Amino acid sequence: MATERYNPRDAEPRWQKTWDEAQVFTTKNDDPREKYYVLEMFPYPSGRIHMGHVRNYSLGDVVARYKRARGYNVLHPMGWDAFGMPAENAAMQNKTHPKAWTYENIATMRSQLKSMGLSLDWSREFATCDVDYYHRQQHLFIDMLEKGLVYRKQSKVNWDPVDQTVLANEQVIEGRGWRSGALVEQRELTQWFFKITDFAEDLLEALDTLDQWPEKVRLMQKNWIGRSEGMLVRWEVVAGTANASDVTVYTTRPDTLFGASFLAIAADHPLAKEAAEKSVEIAEFCDECRRAGTSLAALETAEKKGIDTGIRVRHPLDPSWELPVYVANFVLMDYGTGAIFGCPSGDQRDLDFARKYDLPVVPVVMPADGDAATFTVGDEAYDGDGVMINSRFLDGLTTEAAFQEVANRLTAQTLGNAPQGERKVNFRLRDWGISRQRYWGCPIPVIHCEVCGIVPVPKKDLPVKLPDDVTFDVPGNPLDRHATWRHVACPQCGKDARRETDTMDTFVDSSWYFARFTAPWENNPTDPKAANHWLPVDQYIGGIEHAILHLLYSRFFTRAMRETGHLDLKEPFKGLFTQGMVVHETYSKGEGTAREWIAPADLRIEEVEGQRRAFLLASNEEIKIGSIEKMSKSKKNVVDPDDIIASYGADTARFFVLSDSPPDRDVIWSESGVEGAHRFVQRTWRLISEAAERLKEVGATPAKEGDALAVSQAAHRTLKAVQGDFDKLAFNKAVARIYELVNTLAAPLQAVAAGKADTATTAALRNAVEILIQIIAPMTPHLAEECWSVLGNKGLVAHTDWPAFDEDLVVENDIVLPVQINGKKRAELTIARDASQDAVSQAALGLDAVQTALDGRTPKKIIVVPQRIVNIVV
RNA sequence: GCGGACGUGGCGAAACUGGUAGACGCAAGAGACUUAAAAUCUUUCGGAGCAAUCCGUGCGGGUUCGAGCCCCGCCGUCCGCACCA
């Protein structure tokens, strides 16, 4: 019986329409079933979806569909991270408005995502550039301002003098603006900051509770927050300045205090600025330090340099000991206190510095097994733990004990009216600067009044809307030069005042969208009842590139929103999964600057004598096959999801990105791999549709005995295994098991189609086929519906509960045990699963192959690992 | 420099808590069907050997009845952070 090939172009839109009309994926907040919130990181509407999106959303959709079948009330929403620079760049290049550009892209990408057949609740969709969304974000900002979680301070920024804007660090390439190519300047600007450091300790500690996060991500966040335990130590000034009585340094090694030979301060330290006023030389050096700050690469090789300020300080543990204070180029103003003490014997950088400026080097720590009489420090500092030497009352103590001893003394000792030292925990994490001198972002809802100062926009006056009539023909922030927008009456005194023209970093937008999805219709940022019901997100899925910033900011926002009463939980994402990239071979011709990248669509690959070679379609010219890299427009190694869906269908694309590679690893996109996935789709359809007429005649009944037992066992075992794989997001393994099942069912199904199977067998196959359909449904949902309906089943697979496997069919009664002799496999033993150890030993010894291998030797020992292996030791 | 992960066939990968290494897919070879091609089906597929068998999970050691997995020491690749006191 000939059956037509499965035609996804016909079937896929049809099922998408059916799901849509039945509102299968629209989620209600008051559904009594247990909730499950699955979320993929929402996309930036750059223009078209790429394969990374296909992978990300396929992964999430399997989870969503699977959990729905398991009886959960699943929330699976989608939105758009829609503010940001590319829209403004496009505006400058193409004279389009950022708003038009963005919403057009959203429309395109929405229809692309819909063609994938994702089980999304589109009724909750929003874009962060929707007035309704940024209105609520401004509301949040004002609440945070009132709680003291937002503040303004002067801060150094990367300033592009040509584009007249602040650049993020990532946008500065070798000291130049990435767009303008202009040398970037360091400018002091007043910027808005979120007080993320208030939560540093909590953000760090709570990482331990995130047991469903990748260890890697937790570690990266831990390092980023960078907690260190140390001391603030005050050094009395004895000469060189009248403006300060002491210098405070931060140190994690107070134990090495007797190895100190100098103090070093940052170029922006108040004492350095004072010294610079008195000395041209120092002023020049400080300027040099500031300039060097921009080029990150240069830091690696930069020489450690300094200049004596003339200031002298007294050692905190020896009043007769005076030390010099240097300005040094390696001291950072924004970590610790901007001042350190140098212990050359215990720190390589301090040692290099001391050698250069001829400062004393006194070893104070030696390895525990060292000899105090001979231990010296030459070209290499010893920064490990050990035993104290040359340190007076500390001699002989461990570094740890010395730390405690010094800490105890300095906290007890006073300088002026305050303790000389205090224990201090320091963090690497800085407050989050959110000011951007850009148009296409959420306006910061604040008014500057000459009389009243900074006045938050009253909530009743929100939203502060972006004006539409702006121009992009000159650089700089269009909000700044808008004729009227920035002029506003002060809400407090009514006098003429000025709007804040900075907009918020787009990372703010993505720091709370997951909460907004729980009640996007709400007139407040959240409906706390809905947010508390749905959150935390049970499974969050996205790229590893967001391991620090986005995930850390979201964790901060969750805490800030709790303090402002918008929700009540600590951690936003219970489970996190970081997927790998989609990578592809690269093709090029020419070398160096003349190299030209070729798109896969423009060439054909041939295999000639085992060598893969690539030729241009147009000219037959042979071109070079290069390395496998992340799909990127610049290297043209991209495959457009639209093309794949048009030629193979969404199911094939989905199945392929889930196959082969574990989802946290990169997957290599290859034409032959896609064809393999497509073969599976066609084969499954053919096997089921050809047998459908016969299968329809019987009910689905698994076989407990007879010829069809193997079929039923295979189906139920696969069901159990795939269920486990889905729970662990091991989709590549699930795919492999499904292939196995289809391979097993192929011949029996052909027999059914040919009318050569009895009723019991046919019924067992119907049961097996229904299981197969249900386990492929999360991955290839259209194919599943099509097969389900060809069997004459009523209703949708999408509405059907996950099947239960039959335990009797899953357990194996007879098992095959490998029999080893001295650890080498010599035979196989088939025996009852519950056979006693004795019975297994005897049966193993009775095997001919074993007797031959033993060759008359007597076993010394027989190891029987139940249901695993037998090892006979001679 | 610091921190982390990973090294398994021609390729992507499986392998439970230390228990038959290479499931499944791709590529490749052989064959069937076909006027031919596509599609489909059958079959082979880590290396050596006619075979029995031997060797084989980056390299060198160790623990164990038994190691891809555990321990020690190397080599390589990738990722993150990087003047953090």
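Because the structure is predicted, anything quoted here is derived from the model rather than measured.
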(request) Could you work out which one of rU40(B), rG66(B), rA85(B) sits closest to the side chain of Y250(A)? (result) rA85(B)
(message) Can you tell whether the side chains of R833(A) and D814(A) come within less than 4.0 Å, N to carboxylate O?
(response) no
(request) Give a yes/no on whether any side-chain N or O of K222(A) is located under 4.0 angstrom from OP1 or OP2 of rG80(B). (result) no
(message) Between P on rA67(B) and CD1 on I863(A), what's the gap in Å once rounded to a whole number?
(response) 12 Å
(request) Can you check whether any acceptor in the base of rC83(B) is under 3.5 Å from a donor in the side chain of K304(A), or vice versa? (result) yes
(request) Pick the C1' atom in rC78(B) and in rA23(B), then give their distance to the nearest Å. (result) 27 Å
(request) Specify the separation, in whole Å, of atom CD1 of I340(A) and atom P of rA85(B). (result) 10 Å
(request) Pick base, sugar-phosphate or nothing for Q820(A), based on heavy-atom distances below 4.0 Å to the nucleic acid. (result) base
(request) Return yes if the base of rC26(B) and the side-chain atoms of R679(A) contain a donor-acceptor N/O pair under 3.5 Å, otherwise no. (result) no
(request) Quick one: label N743(A) by what it contacts on the DNA or RNA (base, sugar-phosphate, nothing), any heavy atom closer than 4.0 Å. (result) sugar-phosphate
(message) For rC84(B), does the base pair up with any side-chain atom of R430(A) as donor and acceptor (N or O, under 3.5 Å, distance only)?
(response) yes
(request) Mind checking L219(A) for me? I need base, sugar-phosphate or nothing, with any heavy atom below 4.0 Å counting as a touch. (result) sugar-phosphate
(request) For L817(A) and rG66(B), give me the distance from atom CG to atom C1', rounded to whole Å. (result) 15 Å
(message) In the structure I gave you, are the side-chain heavy atoms of M333(A) and I265(A) within less than 4.5 Å of one another anywhere?
(response) no
(message) If we count only N and O atoms by modelled type, under 3.5 Å, do the side chains of N743(A) and R683(A) hold a donor and an acceptor together?
(response) yes
(message) Please report the distance, rounded to the nearest Å, between CG in D347(A) and P in rC2(B).
(response) 13 Å
(message) Using whole Å, what does the distance between atom C1' of nucleotide rA67(B) and atom NZ of K824(A) come to?
(response) 12 Å
(message) So V816(A), base contact, sugar-phosphate only, or nothing? Heavy-atom distance under 4.0 Å.
(response) base
(message) Just to be sure I understand the rule, does K733(A) reach a base, reach only the sugar-phosphate, or reach nothing, if contact means heavy atoms closer than 4.0 Å?
(response) sugar-phosphate
(message) Could you check whether K305(A) pairs with E288(A) (Lys NZ or Arg NE/NH1/NH2 to Asp/Glu carboxylate O, under 4.0 Å)?
(response) yes
(request) Could you tell me whether G676(A) contacts a base, only the sugar-phosphate backbone, or nothing, with contacts defined as non-hydrogen atoms closer than 4.0 Å? (result) sugar-phosphate
(request) For N732(A), report the nucleic acid contact type (base, sugar-phosphate, nothing); a contact means any heavy atom under 4.0 Å. (result) sugar-phosphate
(message) Going by the glycosidic torsion and a 90 degree boundary from 0, is the base of rG9(B) oriented syn or anti?
(response) syn
(request) Rounded to whole angstrom, note down the C1' distance from rC6(B) over to rG68(B). (result) 13 Å
(message) Checking the side chain of D666(A) only, and the main-chain atoms of M581(A) only, is there a donor and an acceptor separated by less than 3.5 Å?
(response) yes
(message) When the P atoms of rC2(B) and rU8(B) are compared, how many Å lie between them, rounded to an integer?
(response) 26 Å
(request) In whole angstrom, give the distance that lies between atom CD of E585(A) and atom P of rC26(B). (result) 18 Å
(request) Using a 4.0 Å heavy-atom cut-off across all strands, classify R683(A) as base, sugar-phosphate, or nothing. (result) sugar-phosphate
(request) Choose from rU20(B), rA82(B), rC26(B) the nucleotide whose nearest atom is closest to any side-chain atom of W224(A). (result) rA82(B)
(message) If you compare every side-chain N and O of R428(A) against the phosphate oxygens of rA82(B) (OP1, OP2), does one of them come in below 4.0 Å?
(response) yes
(request) Look at all strands and tell whether V331(A) reaches a base, only sugar-phosphate, or nothing, counting heavy atoms closer than 4.0 Å. (result) base
(message) Base, sugar-phosphate or nothing for S659(A)? Non-hydrogen atoms, less than 4.0 Å.
(response) nothing
(request) Could you check whether E828(A) gets within reach of a base, just the sugar-phosphate, or nothing at all, counting any heavy atom under 4.0 Å? (result) base
(message) Quick check for you: among rG66(B), rA85(B), rA23(B), whose closest atom lies nearest to any side-chain atom of E740(A)?
(response) rA23(B)
(request) Please check the phosphate of rA85(B) (OP1 and OP2 only) for any side-chain N or O of N426(A) closer than 4.0 Å. (result) no
(message) I'd like to know if R227(A) and E201(A) make a salt bridge, using a cut-off of under 4.0 Å between side-chain N and carboxylate O.
(response) yes
(request) May I ask you to verify if any side-chain N or O of R665(A) is less than 4.0 angstrom from the OP1 or OP2 atom of rA13(B)? (result) yes
(message) If the test is ring-ring contact (aromatic ring centres under 6.0 Å, His included), which one of F731(A), W669(A), F680(A) qualifies with F656(A)?
(response) W669(A)
(message) Among rC81(B), rA14(B), rC84(B), which nucleotide has an atom closest to any side-chain atom of R349(A)?
(response) rC84(B)
(message) When the P atoms of rC74(B) and rA67(B) are compared, how many Å lie between them, rounded to an integer?
(response) 24 Å
(request) May I ask you to evaluate whether K424(A) reaches the phosphate of rC84(B), defined as a side-chain N or O under 4.0 Å from OP1 or OP2? (result) no
(message) OP1 or OP2 of rG25(B) versus the side-chain N and O atoms of Y739(A): is any pair under 4.0 Å?
(response) no
